[in-house]
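Okay, so here's the structure we're looking at.
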Amino acid sequence: MTPTQSPSAPSLTRVGIARRISQDFREGDVINLGVGVPMLCSLFIEDEDILLHSEHGVLGHGRTARTQDEVDPSLATAGRQPIIPRPGMVVMDHAESFALIRGGHLDATILGAFQVSVQGDLANFWLPGAVAGAIGGAQDLAFCARRVVVAMQLLPRPRRFVNRLDMEMTAPRCVDRLVTDIGVIDLEDGRAIVRELVPGWSLEDAQRLTEVELVAAPEGIAEVTLKSDRNDLWNAA
Amino acid sequence: MTPTQSPSAPSLTRVGIARRISQDFREGDVINLGVGVPMLCSLFIEDEDILLHSEHGVLGHGRTARTQDEVDPSLATAGRQPIIPRPGMVVMDHAESFALIRGGHLDATILGAFQVSVQGDLANFWLPGAVAGAIGGAQDLAFCARRVVVAMQLLPRPRRFVNRLDMEMTAPRCVDRLVTDIGVIDLEDGRAIVRELVPGWSLEDAQRLTEVELVAAPEGIAEVTLKSDRNDLWNAA
Amino acid sequence: MINKVVESAAEAVADIESGAMIAFGGFVGVPGVPSTLIKAIAERDLRDLTIIACESGRGRAGAQSYGANQGGQPYIPEPEDGVYPVGYLAELGQVSKAITTFSSLNNSNFDGPLEAGVRRGDVEIELIGQGSLCERLRCGRAGLGGVYTPVGAGTKIGEGKDIRHFDGVPHVLETALRPDFAIISAYQADRFGNLIYRYGARTTNPVVAGSGKVTIVEVEEVVDYLDPQHIVTPSPYVDRIVLSDRRLMVR
Amino acid sequence: MINKVVESAAEAVADIESGAMIAFGGFVGVPGVPSTLIKAIAERDLRDLTIIACESGRGRAGAQSYGANQGGQPYIPEPEDGVYPVGYLAELGQVSKAITTFSSLNNSNFDGPLEAGVRRGDVEIELIGQGSLCERLRCGRAGLGGVYTPVGAGTKIGEGKDIRHFDGVPHVLETALRPDFAIISAYQADRFGNLIYRYGARTTNPVVAGSGKVTIVEVEEVVDYLDPQHIVTPSPYVDRIVLSDRRLMVR
C-alpha cells in the first residue's frame, strides 16, 4: 500500500493526468474544470470548440493570458487564472451558471477528490477533523453533470480509492471515471474496470494501491498514451 | 341600481378615471398598468421619474410613439402600444419581470376588474359561462404588488362592487383602492370608505350603485378634482 | 466546429412527433413569437400536442382582434403577411392540451380555438399565471423539481396543488415543466447558439430556452460575434438555429 | 428626480445594526467583492451579524494564500492596497453565523477566521453548495418560499431538510433567504440604480441584488446612460449607490 511497493515504472504527473483527461474531450463539449489538476486540462485545448465553464459564470473563454497586456482583472477562471475572450464566450450570473450545471447542460465535470468509493461516491469538501468545509460548486457539479471524471493521484496518498467512504460524502454514485497517475479506471455498476494502465504497470501492481477489487476491462487493458510532447507529463521510473 | 336612478351630475370618463389614479403616483414609484383603463394612466406621466412596468419585461419606458419614425416594432407595452426609450429604461426577461412583481418590488399595480368584494377580493380572469380564462399576469400582480388599485366603472354595470364575489377569484383581500367613475373608495378591514365623490354625487347617490355598505371617510368626503384641462375627462351630467 | 444553424424551419422541426410536449416563447401581440417555426409545425401532420405558451387564445382567424381592441389608442398592427400564433396549432386540431395564461379571448361573443376545443370535448386547458408558468419552465431549464409561490393559493389556480406555509403565508407548489421541444424566437445568434433579443421581444423566449430536451430558435440574423457581456441566452440552451421569415429589425 | 447615489460608503452602511443578516456578492479571488462596503462595515462597532456569502473562509491575514496556491500557474495578484473579503468581518469578531459555500481554507495547517470562531464556540456555520445558495437568494428577490433541488439529498448538506421525490429522485427543499441588507459590487450604475458588471466580476452580485430589504452597491462609475438591453440588474433591486475605492477598469 506504499509507493515503495510500486514497480520501477513511470507514472503520470499532474500535468500528465490532465493531458489524459483532456484526450476524452469531444468537439462541442461543455466542460467544467475544478481547481487544481482539472484546471490544467485547459493547457491542452487549442482551437477546438470545447467550451470550458467556470462556475462563477464564464463559459467558452479562451486560453490563459500570456502577457500583462492581455490581462483583464475582471476576466479569470474560478481559480483566478487570467484568461482572454474568444468568440462564442458568454458571461452569466452565478445563479444562471448553476442553472446550467443543475439542469444537466454540462457534458462533463472534472473534479479533484479526497476520496472516491467503488460505488462512485465522491468526498471532496470536508477534511477529517475540520470544523467546516469548502463545498463551493462541487456538489452541484457532482450531482448534476452528465459525466463526472475525477483526477486522482493514487501513488503518494493512501485510502484515496476505497470500498466505502470514511469522509463526508459530496454526492452518491456520481463518479464515472478515475484518471489516475497510473491508469484509467471506470466505475460501472459498483465495479472498478481498469481500461488503461501506464506502461510498466500491471493489474497486480495497481491492485496494491487500493483496497478496491480492480477488474480488467473485457476488451483488455490498453496502455495510457499521451498525445503531447511536453516534457512535464511523466514522472521518471 | 340602474343608471337612471343616478343624479343628473357628471361622472368620470375612462380617461378621467385614469387621470385620478395617476394623481396618486409619487416620484420614484414603480407601477404596473394593466390593459384597458389602467394603461391610459400613462397619458399623464410626463417628465417625472415614475417607472412604468410592462409585465413582458420593459420597465421605465418613455411615452407612446407619436410618429411612424418613432415606432420600433420590438418596443411596445403589453397592450401593444408603441413606446419610445427613455434614460433609466431597462429590459428583462419574463421570469425576471415576474420576480420583480412577486418579490414585492412594485409600489403599485393598477388593474381592471370584473368584480371586487368589500373584503378586497378581486375577480378579473374568468367570465361566467366561459370555458377558460385569461389570467395573464393579473394573479401575480394582485397577490404581490405592495398596493392594488382597481379602475372601475360603476355606472353602466351592475354587480361590480359586491359583498361576496360570484365569479372565480383572482386573489383574496388584495384591493386597496377603487377609483370609479363617481368617486374614490378605500377598502380597509372589510369596510368601504368613501374618500372622494364627483361633484353632484352624495353618499346616498353612490350607495344606490352597490350592495356594499358605503361609509363616509372620518375626515369627510372630498370632491374629486382632476389636474388636467383635457376635454375628455368628464361625462356630462 | 460547432455550428447549430439548420437549413430550414421544416428540417428543424422534422423530428417532432404527435403527442409531443412543446413550449413556445413569445407574448401576446408584441413581437417575439416564433412564427416561422409555428408555421413549419402547422405544416406537419401532427396530433395530440401538449402546448405550453404564455398566450394561446388567438388563432389566425382571431389574430387581428387583439390589437384592434385598444380603445382607439395607437397600436402596432400585424404585418400584412400575418403572424402564426401558437393558437393556430389549436385551430388546426393539433392540440389536445394547453398549459397557458391566456387560453381565452375573454369575449363572450367569440370563442378562441382552444375554447372551441374544450366545448367540443377534445381539448384540456391548464390555466396558470405568467409568473408561475415562467418559474415552472425555469425549473425545467435549471434542474429544479419545483418552487413554492404565494400566488394562486386559495384560488382555482391553486386547487389540487400542494400547499406549504412560509412565515404563515400559504404557498403553492408549482412543479417543473420539461417539454420535449422548446421553440423560441430571438434577434441574433452566433454559430454556437448564444442569443440576444430586441427590447420587448425578449419576453418568455429566454425562459423557454433550455427548458426542453431540444431547443430550436428562429433568429433574424446569424452573426460572427456577440459581445459576451450582452448575451442573454447562453449557447448550451440552444440546439438548432433557423432564419426567421419575419425580419422586423433586419431589412 | 430619482438619484440613489449616496455620498460615502460610511453613510450607506450607517443604519446596519448588530444582529443584522447581510448577504454579500462576490466570489473567492476573482474581482467583484464589495470591498469598499465591507471595509465600511468593518469600521463600525457591530456584533452578532449573520453573513451570507459564497466565500467567507479567508480574512485579510489569509488573503494572499488563495492565489498563491495555484501550482505555479499565473494568477491575478491582490492589489497592493489589499482587498477586504467578507471573512474580515469574522476576523474582527463581528460574525456569529455564516451561511456560505467556502467556510474553510481546506488546509489542515491553518484555520480561517470562521473556523477559529467555531473552535472557540462563538460562530455557527451553515454550509451549502453554490447552486442552492444562489437559489435561496433568488427566492428572496423573487418572492418565492423555496425550491426543490436534487443537490445535497443524502448528504450532510441535506440533513434535516424537507425531502420530496420528483420522478423518483429525492429533492431537498431549500428555503428563501431574505436578508436585512444586500451588499454588492458592480461596474457601472445610472442614477436609477440600473447596473452592469464587467465580465467575470458579475458572479453572485446580480443574485444577491434585491434579495435584501435594502440593497447597497459599490460601483466604479456612475454614468448618465446605460443601454436598456445590456443592463443586468434592474433599478428596483437597488436602493443605494456608492463609489468604490477599488477601481479596476476605470483609471
Side-chain angles (χ1 to χ4, degrees), chain C residues 32 129-132 134-153 158 161-178 186-188 195-203 205-207 213 226-234 249, chain D residues 32 129-132 134-153 158 161-178 186-188 195-203 205-207 213 226-234 249:
Chain C
Q130 284 177 26
S132 300
C134 286
E135 288 303 314
R136 295 182 68 184
L137 288 162
R138 182 179 181 271
C139 283
R141 175 176 95 236
L144 298 168
V147 301
Y148 281 107
T149 174
V151 178
K161 296 176 182 173
D162 186 68
I163 300 286
R164 192 181 177 104
H165 286 72
F166 295 85
D167 294 331
V169 178
H171 284 59
V172 176
L173 178 62
E174 293 289 0
T175 56
L177 288 171
R178 294 205 174 83
Y187 175 40
Q188 292 177 326
L195 304 178
I196 64 169
Y197 303 84
R198 272 288 293 187
Y199 283 128
R202 194 180 293 193
T203 72
N205 287 297
V207 184
K213 298 183 190 105
L226 292 172
D227 187 318
Q229 303 181 101
H230 301 161
I231 290 166
V232 174
T233 295
M249 309 315 304
Chain D
Q130 284 177 27
S132 299
C134 287
E135 288 303 314
R136 294 183 68 184
L137 288 162
R138 182 180 182 272
C139 283
R141 177 176 93 237
L144 299 168
V147 301
Y148 281 108
T149 173
V151 177
K161 296 176 181 171
D162 187 68
I163 299 287
R164 192 182 177 104
H165 287 72
F166 294 86
D167 295 331
V169 178
H171 284 59
V172 176
L173 177 63
E174 294 289 359
T175 55
L177 288 171
R178 292 203 176 85
Y187 174 40
Q188 292 177 326
L195 304 178
I196 64 168
Y197 304 84
R198 272 287 296 185
Y199 283 128
R202 192 178 295 194
T203 70
N205 287 297
V207 183
K213 298 182 189 105
L226 292 171
D227 187 320
Q229 303 180 103
H230 300 160
I231 291 166
V232 173
T233 296
M249 310 314 304

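Letters go in sequence order (proteins before strands), and every chain restarts at 1.
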#### Entry: Residue selection (most heavy-atom pairs with chain C, distance under 4.5 Å) from D/Val232, D/Val147, D/Ile196, D/Ile231
D/Val147
### Task
Decide yes or no for D/Arg164 and C/Arg164: does some side-chain heavy atom of the first lie under 4.5 Å from some side-chain heavy atom of the second?
no
### Task
Give the C-alpha distance, both sets of side-chain angles, the deciding distance and a yes or no for side-chain contact (heavy atoms from CB on, under 4.5 Å) between D/Glu135 and C/Leu144.
CA-CA 10 Å; D/Glu135 288 303 314; C/Leu144 298 168; 3.5 Å; yes
### Query
So what's closer than 4.5 Å to chain D heavy atoms on C/Asp162: side chain, backbone, both or neither?
side chain
### Task
Give me the ring orientation class for D/Tyr148 and C/Tyr148: parallel if the planes are under 30° apart, tilted from 30 to 60°, perpendicular past 60°.
tilted
### Message
For D/Tyr197 versus C/Gln229, what's the shortest heavy-atom pair and its separation?
### Response
O-OE1, 3.4 Å
### Query
Considering heavy atoms only, which positions within residues 165-175 of chain C lie below 4.5 Å of chain D?
C/Phe166, C/His171, C/Leu173, C/Thr175
### Closest heavy-atom pair and its distance - C/Gly143, D/Pro150
O-CD, 3.2 Å
